A.B. asks: 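The structure under discussion is supplied below as C-alpha cells; questions concerning it will follow.
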Amino acid sequence: MTYHEAALLAEELGVPVEELDRAEFRPRYNIAPTDPHYIVRIRDEGRELVAARWGLVNSWAKDASMAARQINARAETLAARPAFREAYQKRRCVVPADGFYEWTGPKSDRQPFWFHRPDGRLLLMAGLYESWQPKPGEWQRTFTIVTTTANELMAPFHDRMPVVLDEEQASRWMFKTTPPETLHRLMEPPPARALIATAVSKRVNSVANDDPSVMTPDPVAPRLL
DNA sequence: CCAGACGTTGTT
DNA sequence: GTCTGG
DNA sequence: CCAGACGTTGTT
DNA sequence: GTCTGG
C-alpha cells in the first residue's frame, strides 16, 4: 500500500490532522503487513481517522502472531469466520491509501504493479478493525482488508482484489445500520474503470525501501499489461 | 470434557 | 519447503 | 504481499 | 471469546 501525501488523506476525508500523531503521519511508499497505518471509522455523527496496524489481531489474542495471517478477509466467508464475524457486524472501517501493489511473474523475478485511481484521488478500501491488549492497560488497534473476486482489470494478475468503494459506498459500509444485503452488494468487485495499473520499480519488493524511488515507472514491464 | 484453532494468498 | 519479519 | 532465515550454547 | 476436533 502507498500513502503519498499527508495532507491528502486528512483533507479528502474531512478530518483534522491535529487528531493524529504528526511524527507518525508521514508519506509512505511501501506499507507492509503489520505496519502502522490509518483507518476511517464512524464516530457519533461524523468520521474519524485513527491509527491502526495492518493485520487483524482479535481482542482475545494473547500475542500478535495472528496479525500476519489476517491481513485480508474474504468477502464470501467473513460473516461466518470466528475471527472476523464480530468485527464484520460491529467494526467495519475504511482503509485509505492512494494505491496498492500486486505482483506478477515467476517467483524468482516478481514484477510489482501499482494499482490506483485514474484521477489520482484517494482509494477507499473496505476493512474491519479490532483492538487487543499487548500488555495490561495497553491497547493496540489493528485492521484487515476485505478481498473479493478479481474484476476485469485485476484478473490477469490475481483472482482476488481488495473491495474498493466510492465515497457513497464507503459511508454505507461504515454505517452501523446498513443491512446485510447492502453489505453484500458493496463487497462485489469494483468496476474495471475504478483503477488503473502502473508497472513500478522492483525496489518495492523489499519493505526496507520505503521512499519515492519505489514508485519509479518500470520501463520494461508495461508491455506485460 | 479439554486442547487448540481462530486466515488468506499464491502457482511452480 | 515453510516460517518469520517487515 | 516479498525477502530472508531456517540454531544453540554460553556469558560478556 | 467461541468453535471444532478428539
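Because the structure is a prediction, the values reported are computed rather than measured. A, B, ... follow the sequence lines: proteins, then strands. Residue 1 opens every chain.
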A.B. asks: Under 4.0 angstrom, heavy atoms only, what part of the nucleic acid is A:A32 near: base, sugar-phosphate, or nothing?
C.D. replies: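 A:A32: base contact, heavy atoms under 4.0 Å.
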A.B. asks: Out of B:dG7, B:dT11, E:dC3, which nucleotide sits closest to the side chain of A:R110?
C.D. replies: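 Out of B:dG7, B:dT11, E:dC3, the nucleotide with an atom closest to A:R110's side chain is B:dT11.
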A.B. asks: Choose from B:dT9, B:dG7, D:dC2 the nucleotide whose nearest atom is closest to any side-chain atom of A:T147.
C.D. replies: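 That would be B:dT9.
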A.B. asks: Verify the contact: side-chain N or O of A:R85 to OP1 or OP2 of E:dC3, cut-off strictly under 4.0 Å; return yes or no.
C.D. replies: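 Yes, within the criterion.
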A.B. asks: Does NZ in A:K62 sit with more than 12 non-hydrogen atoms of other residues, nucleotides or ligands closer than 6.0 Å?
C.D. replies: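 Check fails, neighbour count at 12 or below.
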A.B. asks: Rounding to an integer number of Å, can you tell me how far A:D35 CG sits from D:dC1 C1'?
C.D. replies: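 It works out to 11 Å between those atoms.
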A.B. asks: For the side chain of A:I71, counting heavy atoms from C-beta on, which of B:dG7, B:dT9, D:dC1 is nearest?
C.D. replies: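 Between B:dG7, B:dT9, D:dC1, the one nearest the side chain of A:I71 would be D:dC1.
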A.B. asks: In whole Å, what is the span from the CD atom of A:E86 to the P atom of E:dC3?
C.D. replies: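 One finds 11 Å between P of E:dC3 and CD of A:E86, rounded.
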A.B. asks: Describe the nucleic acid contact of A:D159 in one word from base, sugar-phosphate, nothing, applying a heavy-atom distance below 4.0 Å.
C.D. replies: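 Here A:D159 touches the backbone only, sparing every base.
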A.B. asks: Among C:dG6, B:dG7, B:dT8, which nucleotide sits nearest the side chain of A:T77?
C.D. replies: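 The answer is B:dT8.
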A.B. asks: What is the distance, to the nearest angstrom, from the CZ atom on A:R203 to the P atom on D:dC2?
C.D. replies: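 Result: 18 Å.
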A.B. asks: Please measure how far the P atom in C:dG6 lies from the corresponding atom in B:dG4, and state the result in whole Å.
C.D. replies: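 That atom pair is separated by 28 Å.
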A.B. asks: A:L186 and A:L165: which non-hydrogen atoms are nearest, and at how many Å?
C.D. replies: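 In terms of heavy atoms, the two residues are closest at O-CD2, 3.6 Å.
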A.B. asks: Look at A:H158 and B:dT9 and indicate whether a side-chain polar atom (N or O) is within less than 4.0 Å of OP1 or OP2.
C.D. replies: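 Checking A:H158 against B:dT9: no side-chain N or O falls below 4.0 Å of OP1 or OP2.
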A.B. asks: What is the distance from CD of A:E76 to P of B:dT8, rounded to the nearest Å?
C.D. replies: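 Distance, rounded to whole Å: 9 Å.
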A.B. asks: Only one of A:Q111, A:R160, A:H158 passes side chain to side chain donor-acceptor pair (under 3.5 Å) with A:E102; say which it is.
C.D. replies: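 So the option named by the test is A:H158.
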A.B. asks: Provide, to the nearest angstrom, the distance between the CD atom belonging to A:E130 and the P atom belonging to B:dG7.
C.D. replies: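 The answer, rounded to whole Å, is 12 Å.
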A.B. asks: Is it the case that atom CZ in A:R110 sees more than 12 heavy atoms from other parts of the structure closer than 6.0 Å?
C.D. replies: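 Atom CZ in A:R110 is crowded, with more than 12 foreign heavy atoms closer than 6.0 Å.
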A.B. asks: Starting at CZ of A:R74 and ending at P of B:dG7, how long is that distance when rounded to a whole Å?
C.D. replies: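 Taking CZ of A:R74 and P of B:dG7, I get 12 Å after rounding.
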A.B. asks: Would you mind reading off the distance between A:R69 atom CZ and C:dT4 atom C1', rounded to a whole angstrom?
C.D. replies: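 One finds 11 Å between C1' of C:dT4 and CZ of A:R69, rounded.
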A.B. asks: Is there a Watson-Crick or G-U wobble partner for E:dG1 with both distances under 3.5 Å, and if so, which one is it?
C.D. replies: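 Pairing partner: B:dC6.
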A.B. asks: Let me know the distance between CG of A:N72 and C1' of D:dC1, rounded to the nearest Å.
C.D. replies: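 For the pair A:N72 CG and D:dC1 C1', the rounded distance is 9 Å.
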A.B. asks: Return yes if some donor-acceptor pair links the side-chain N/O of A:R85 with the main-chain N/O of A:R81 below 3.5 Å, else return no.
C.D. replies: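 Judged by distance alone, no pair lies under 3.5 Å.
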A.B. asks: Nearest to the side chain of A:P33, which nucleotide is it out of C:dG6, B:dT9, B:dC6?
C.D. replies: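 So the side chain of A:P33 is nearest to C:dG6.
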A.B. asks: Tell me whether A:F100 is stacked on the nucleobase of D:dC1, counting only the six-membered base ring and applying the 5.5 Å and 30° thresholds.
C.D. replies: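 One would not call A:F100 stacked on the D:dC1 base.
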A.B. asks: Using the side-chain heavy atoms of A:W60, tell me which of these nucleotides is nearest: B:dC6, E:dT2, B:dG10.
C.D. replies: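 Closest nucleotide to the A:W60 side chain: B:dC6.
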